[in-house]
Amino acid sequence: MNASNAMLTAIRGRWAVAAIFLANGFLTGSWAPQIPVFLTRLEITKFTLGLLILLFGAGAVTAMTWCGHLISKHGSRSVLRWFGLCGSLGLLVVALAPNVPLAAIAMFVFGGSIGGMDVAMNANAVVVERRLSRAIMSSSHGFWSLGGFAGGAIGGFAIQNYGHLTHAAVVTALAFAVIAVAVGHLVGEDRPQAAEHHKFTLPTNPLVYLVGLMALLTMISEGAVLDWAALYLRQELGADLAIAGLAYAAFSGVMAIMRFFGDGVRNRFGAVTTLRGSAIVAAAGMLVAGLSPSPWLAIAAFALCGFGIANMVPIIFSAGGNQEGMSSGTGMSVVTTMGYSGILVAPSAIGFVAEHSSFGPIFIAMSGLLIVVLLMAGLAHRAEFAAAPAE
């Protein structure tokens, strides 16, 4: 009976953390169609917008670093509860900001809440995996992408017809409700490892940094689509707000579908082969998006890119967590920190470049970065061990 109750609790915890992944993706995806309105409402340049996005990234990275220490002391369940509930309010705070100084503070807080929530939900997913003795990480990220798809698909239409404040308020209410219900069913660690984060030393194995570089290059491309695809379609390809919001929605929706099938694909073809094929598809999609003469072709190209990138990040993260001569936590911390700096911080540099150029050449350059990942794919061979089911 005890074993049966424990399994039932773990299953509930699995769906609870999946719901929080979904809510986090929904909040992130809902931010994408808000960006064109944010730029015009505050009457700022692309460069200033890039700096504000940089503050979002700075808040996220700051919270990610702090969150690891909090989890070591209090456990992922408690930390996720507070970051999740606070994170649900972030988009509304940004949408209410009346000027650049307050917008800067709002972006830092929004980024911090999303970043802390991200680390805590991934850590809690690991706890669930241990309880269930099976992998759930890929499908958890699939729920994140599904939320991003919903946020991007609905956002442009909602903003155009009801205004950005109404949109932000509805998104906040939905996210808060989902998270508030889910946190009551989260599972926690048996005993938080309080001593684990007291002392930090960088690993000496250079391979983990090369794997981190692969994560960085991949997630720069993901961040570019999140933060700039809608503006690219709006300003350079002449799309209206509703259509512009579909760029990230298509990217995220296809990514969600592929992540739900990701473990099976990797088990069949192997991590390195899957990574190489995925990189080719992602690079092709990004290249076509940068060369596209029409918004609908660009949307299809971003969807193709999402098809490729979907399983690149999980494979690279698995490789980072399975490096020889170091704990999985140490390798994972290096690779995830380098990778998330790509999706959270690097896109601000794109705003500076776009101020003096256009977005088309930038997306073409992103395809080049993905080709570099293709050439480095052999370094992901350590993920082969993670791909096989442990039975």
Side-chain angles (χ1 to χ4, degrees), residues 20 23-67 79-80 82-121 147-148 151-152 154-156 158-159 162-180 223 226-231 234 241 245 248 340-341 343-352 355:
I20 292 180
N24 185 283
F26 183 59
L27 287 163
T28 306
S30 296
W31 158 240
Q34 284 267 349
I35 291 174
V37 179
F38 190 67
L39 182 126
T40 55
R41 181 171 63 86
L42 296 179
E43 298 180 340
I44 55 178
T45 63
K46 293 175 191 171
F47 176 66
T48 302
L49 176 60
L51 292 178
L52 290 172
I53 291 172
L54 178 62
L55 283 173
F56 179 97
V61 171
T62 300
M64 283 176 171
T65 305
W66 184 42
C67 193
V79 175
L80 181 53
W82 293 110
F83 269 112
L85 292 173
C86 292
S88 64
L89 304 174
L91 183 66
L92 183 59
V93 172
V94 171
L96 288 169
N99 53 50
V100 173
L102 289 177
I105 297 170
M107 287 291 283
F108 186 87
V109 171
F110 185 30
S113 60
I114 291 293
M117 187 178 172
D118 197 290
V119 172
M121 70 190 188
I154 298 169
I159 293 169
Y162 303 105
H164 78 283
L165 271 179
T166 300
H167 167 254
V170 171
V171 167
T172 297
L174 290 173
F176 187 89
V178 168
I179 293 167
L226 167 64
D227 287 320
W228 299 110
L231 209 57
R234 179 91 168 127
L241 266 176
Y248 182 70
Y340 278 112
S341 69
I343 197 172
L344 297 172
V345 179
S348 63
I350 295 174
F352 175 77
E355 192 70 23

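These values consider heavy atoms only, across backbone and side chains, with no hydrogens, waters or symmetry-generated copies.
Minimum interatomic distance between Ala23 and Val178 (heavy atoms only, all atoms of both residues): CB-CG1, 4.3 Å. Val79 and Ala120 make their closest contact through CG1-CB, 4.1 Å (heavy atoms, listed as atom of the first residue, atom of the second, distance). When all heavy atoms of His167 and Ala158 are compared, the closest pair comes out as CD2-CB, 3.8 Å. Listed here is the closest heavy atom pair of Ala104 and Leu55: CB-CD1, 3.4 Å. When all heavy atoms are compared, the tightest approach of Phe83 to Ala63 is CE2-CB, 4.4 Å.
Classified by interplanar angle (parallel below 30°, tilted 30° to 60°, perpendicular above 60°), the ring pair Trp31/Phe56 is parallel.
To the nearest 0.5 angstrom, Leu91 atom CG is 6.5 Å from Ser30 atom OG. Rounding to the nearest 0.5 Å gives a distance of 9.5 Å between CZ of Phe38 and NE2 of His164. With rounding to the nearest 0.5 angstrom, the OG1 atom of Thr48 is 10.0 Å from the CG atom of Leu42. Here the CD1 atom belonging to Ile114 is positioned 11.0 Å from the SG atom belonging to Cys86, to the nearest 0.5 angstrom. Rounded to the nearest 0.5 angstrom, Phe176 CZ and Leu85 CG are separated by 5.0 Å. Atom OH of residue Tyr248 and atom CD1 of residue Ile35 lie 10.0 Å apart, to the nearest 0.5 angstrom.
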Report the C-alpha separation of Ile179 and Asn24 in whole Å, then their side-chain angles, then the decisive distance to 0.1 Å, and conclude whether the side chain to side chain contact (heavy atoms under 4.5 Å, CB included) test is met.
-> CA-CA 9 Å; Ile179 293 167; Asn24 185 283; over 6 Å; no

Chi angles and distances behind the side chain to side chain contact (heavy atoms under 4.5 Å, CB included) call for Phe108, Leu54 = CA-CA 9 Å; Phe108 186 87; Leu54 178 62; over 6 Å; no

Residue pair Leu49, Leu231: steps toward the side chain to side chain contact (heavy atoms under 4.5 Å, CB included) verdict | CA-CA 11 Å; Leu49 176 60; Leu231 209 57; 4.3 Å; yes

Should Val93 and Val109 be marked as a side chain to side chain contact (heavy atoms under 4.5 Å, CB included) after you check the CA-CA gap, both sets of side-chain angles, and the distance that decides it?
-> CA-CA 9 Å; Val93 172; Val109 171; 5.7 Å; no

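Arg41 places no side-chain N or O within donor-acceptor distance of the main-chain N or O of Pro36, the cut-off being under 3.5 Å.
Listed by chain and residue number, Leu92, Leu165 satisfy the side chain to side chain contact (heavy atoms under 4.5 Å, CB included) test with Leu96 (two or more places apart in sequence, or in another chain).
Annotation: side chain of Pro101 is not in contact with side chain of Ile105 (no heavy-atom distance under 4.5 Å).
The side chain to side chain donor-acceptor pair (under 3.5 Å) contacts involving residues 101-119 comprise Asp118-Asn122, Asp118-Tyr340, where partners must be two or more places apart or lie in separate chains.
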